[in-house]
Amino acid sequence: NAGVTQTPKFQVLKTGQSMTLQCAQDMNHNSMYWYRQDPGMGLRLIYYSASEGTTDKGEVPNGYNVSRLNKREFSLRLESAAPSQTSVYFCASSEFGETQYFGPGTRLLVL
Amino acid sequence: GQSLEQPSEVTAVEGAIVQINCTYQTSGFYGLSWYQQHDGGAPTFLSYNALDGLEETGRFSSFLSRSDSYGYLLLQELQMKDSASYFCAVDGAGNNRKLIWGLGTSLAVNP
C-alpha cells in the first residue's frame with residue numbers, strides 16, 4: 001500500500017500561472033481533504049470531500065478549486081497563482097474522520 | 001466558534017516526561033486527536049480519545065476531560081527523535097467529520 005500520494009513534490013510558479021496538484025489514496029477511504037500549512041499557522045483546510053461526488057469549502061477556499069475525480073483521486077487547482085499561495089499543501093484521507101492519513105506534501109513557491 | 005489552544009513551544013531533556021496541553025472551545029465533537037509532525041514531514045496520527053480518560057500507546061498517552069474542555073498528550077522517556085511539532089485536533093459533530101486543528105506545539109528535546 002502506498003497510502004496517500006501527491007504530485008508534484010515541488011513546484012515554482014510565476015504569478016498568474018495555473019497548476020493542478022494531484023492526490024490519490026489506495027485505502028478505499030470515503031473522505032479526502034486538502035490543507036495548506038504556513039509557518040505559525042498550523043493546518044488550514046482548503047476543501048474537503050466527504051464522499052465521492054461531493055466537495056465542500058473549508059476555511060480558506062478562495063483562489064482554489066477541487067475535483068473529486070473518483071473515490072481514489074482528489075485534485076486541487078490554482079487557476080491564477082498569487083504569491084500569497086506560496087505554502088506547503090497536504091492532501092489527506094480518512095474513513096471515520098478521527099484518523100487522517102497525510103500525503104508527503106507539495107511545496108509550492110509563487111514568484 | 002470553535003478553537004483549540006496549545007502552547008507554542010516546549011523544551012525538555014532526554015529521558016524526561018513532558019505534557020502538552022490542549023484546551024478547546026467547541027459546542028460538540030466526537031473526539032480529540034493528536035498528530036506528530038517532524039520538520040519537513042507530513043503529520044502522522046498518534047492517538048484519539050473518543051471518551052474521557054487516558055489512552056496509552058507505548059511511551060505516549062493522551063487524556064481527555066470533556067467536562068473541563070481539556071486534553072493533553074504525555075510523552076515519557078523522551079528521545080531526541082521526539083523533537084517535532086504536536087497538533088491537537090477535534091472532529092466536530094455534524095460537520096462531515098472535518099478536523100479543527102490547534103496551531104501546534106514545537107517540542108525540543110535536548111541531550
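Here is the naming used below: chain letters follow the sequence lines, and residue numbers restart at 1 for every chain. What you are looking at is a predicted structure, and each value in this text was computed from that prediction instead of being measured.
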Chain B contact via A:Y35 - side chain, backbone, both or neither, heavy atoms under 4.5 Å: side chain
SB check B:D82 B:R59 (cutoff 4.0 Å): yes
Members sharing A:M32's hydrophobic cluster (side chains within less than 4.5 Å): A:L13, A:M19, A:L21, A:W34, A:I46, A:Y47, A:V60, A:Y64, A:V66, A:F74, A:L76, A:L78, A:Y89, A:L108, A:V110
Atom group of A:R107 that falls short of 4.5 Å from chain B, counting heavy atoms: side chain
Residue pairs fulfilling salt bridge (Lys or Arg N to Asp or Glu O under 4.0 Å) with at least one residue in residues 69-86 of chain A, sequence neighbours excluded: A:R77-A:E79
B:S8 (side chain) donor-acceptor with B:T105 (main chain) under 3.5 angstrom: no
No-hydrogen, no-angle side-chain donor-acceptor test under 3.5 Å, A:N30 and A:S51: no
B:L75 vs B:I20 side-chain heavy atoms within contact, under 4.5 Å: yes
Proximity breakdown for A:L45 and chain B, heavy-atom pairs closer than 4.5 Å: side chain
Side chain, backbone, both or neither of A:Q37 within contact of chain B (heavy atoms, under 4.5 Å): side chain
Members of residues 32-47 of chain B whose heavy atoms come closer than 4.5 Å to chain A: B:S33, B:Y35, B:Q37, B:G40, B:G41, B:A42, B:P43, B:F45
Partners passing side chain to side chain donor-acceptor pair (under 3.5 Å) against B:E56 (at least two apart in sequence or in another chain): none
Donor-acceptor contact below 3.5 Å, side chain B:S83 vs main chain B:V109: yes
